[in-house]
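A quick write-up on the structure given underneath.
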Amino acid sequence: MQGAMAFEDSTRHIILASASPRRRELLSGLGIDFEVRVIPGIDESYPDGLPPAEIPCYIARKKADAYRTDMQENDLIITADTVVILDNGILEKPRDRDDAIRMLHRLAGRTHEVVTGVVISTGDRQSAFSVTSTVDFAPLTDGEIRYYVDTFQPYDKAGAYGIQEWIGYIGVQGIHGSFYNVMGLPVQRLYRELKKYL
């Protein structure tokens, strides 16, 4: 990355604990020097009865706990989780093509919420926050949904869609809140929170 980094005077070693290429892209956009570190197989289950909007922070804390055991003194670890909420229930990552098609049929012509929970951890501090965006989808034909699923294979995305892809271009009528939050990382709020640490 060219030029000076944001927070270039900080001695913190920032770690993005995520395999998501979208989160990596978004954090890079803040002009922050960071390392990506991934521990596979972290348990992302949550208790029955936990309100849907609280699930992302709960899972992001579980992810943070998995990384804290190997944390060095100057490390700052960012963990995150994003969920899509419709009818007070969670739409997780689709299991397969049929599941992705089913999810998109449910979202079409309706409004849903996207909530991202973020946890920032250092050796002596931890803070958490969540950001909610509301997304209004236009009606979609079965052909449009099948074209999107077959072309983009959104099996790694909560709710079976990426707003930055074709489906967002043709399907999203409006957003209330952060666009980047829907992509998976509320970077404006994250930048503000990082300033408290760096």
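Keep in mind that what you see is a predicted model, and the values were worked out from it rather than measured.
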Next on the checklist: Between the side chains of Arg146 and Asp142, is the shortest nitrogen-to-carboxylate-oxygen separation below 4.0 Å, so that they form an ion pair?
Outcome noted: yes

Could you list the donor-acceptor pairs under 3.5 angstrom formed between side-chain atoms of residues 55-62 and any protein atom two or more places apart in sequence or on another chain?
residue	atom	partner	partner atom	Å
Lys62	NZ	Asp43	OD2	2.9
Lys62	NZ	Ser45	O	3.0
Lys62	NZ	Ser45	OG	3.3

Checklist outcome for this item: Here the pair of heavy atoms bringing Glu144 nearest to Leu140 is OE1-CA, 3.4 Å

Item to check | Counterpart residues, side-chain hydrogen bond (donor to acceptor under 3.5 Å, both in side chains), relative to Arg95 (two or more places apart) | outcome: none

Checklist entry - Looking at Glu193 and Lys196, does any basic side-chain N land under 4.0 Å from a carboxylate oxygen? => result yes

Checklist entry - Does Thr132 have any side-chain hydrogen bond (donor to acceptor under 3.5 Å, both in side chains) partners at least two apart in sequence or in another chain, and if so, which? => result none

Checklist entry - Is any side-chain N of the basic residue among Asp156 and Lys93 closer than 4.0 Å to the acidic one's carboxylate O? => result no

Checklist entry - So which pairs with a foot in residues 13-53 pass ring pair (Phe, Tyr, Trp, His ring centres under 6.0 Å), sequence neighbours left out? => result none

Checklist outcome for this item: OG (Ser121) and CG (Asp75) are apart, to the nearest 0.5 Å, by 10.5 Å

Next on the checklist: Between Asp70 and Arg37 (salt bridge meaning N to carboxylate O under 4.0 Å), is one present in this structure?
Outcome noted: no

Item to check | Donor-acceptor contact present, side-chain Ser130 to main-chain Thr116, <3.5 Å | outcome: no

Checklist entry - Are the side chain of Thr122 and the backbone of Leu76 linked by a donor-acceptor contact shorter than 3.5 Å? => result no

Next on the checklist: Run the side-chain hydrogen bond (donor to acceptor under 3.5 Å, both in side chains) test against Tyr197 and tell me which residues pass, sequence neighbours left out.
Outcome noted: Ser127

Next on the checklist: Quick check on side chain to side chain contact (heavy atoms under 4.5 Å, CB included): which of Val187, Leu16, Thr79 does Arg23 satisfy it with?
Outcome noted: Leu16

Next on the checklist: Under the ring pair (Phe, Tyr, Trp, His ring centres under 6.0 Å) definition, can you give me all pairs with a residue in residues 84-126, not counting sequence neighbours?
Outcome noted: His112-Phe137, His112-Tyr161

Checklist entry - Just by distance, do the side chain of Asp136 and the backbone of Gly174 share a donor-acceptor pair under 3.5 Å? => result no

Checklist entry - How far does CD1 of Ile15 sit from CD of Gln72, to the nearest 0.5 angstrom? => result 8.5 Å

Checklist entry - Between the side chain of Asn181 and the main-chain N/O of Val114, is any donor-acceptor distance below 3.5 Å? => result yes

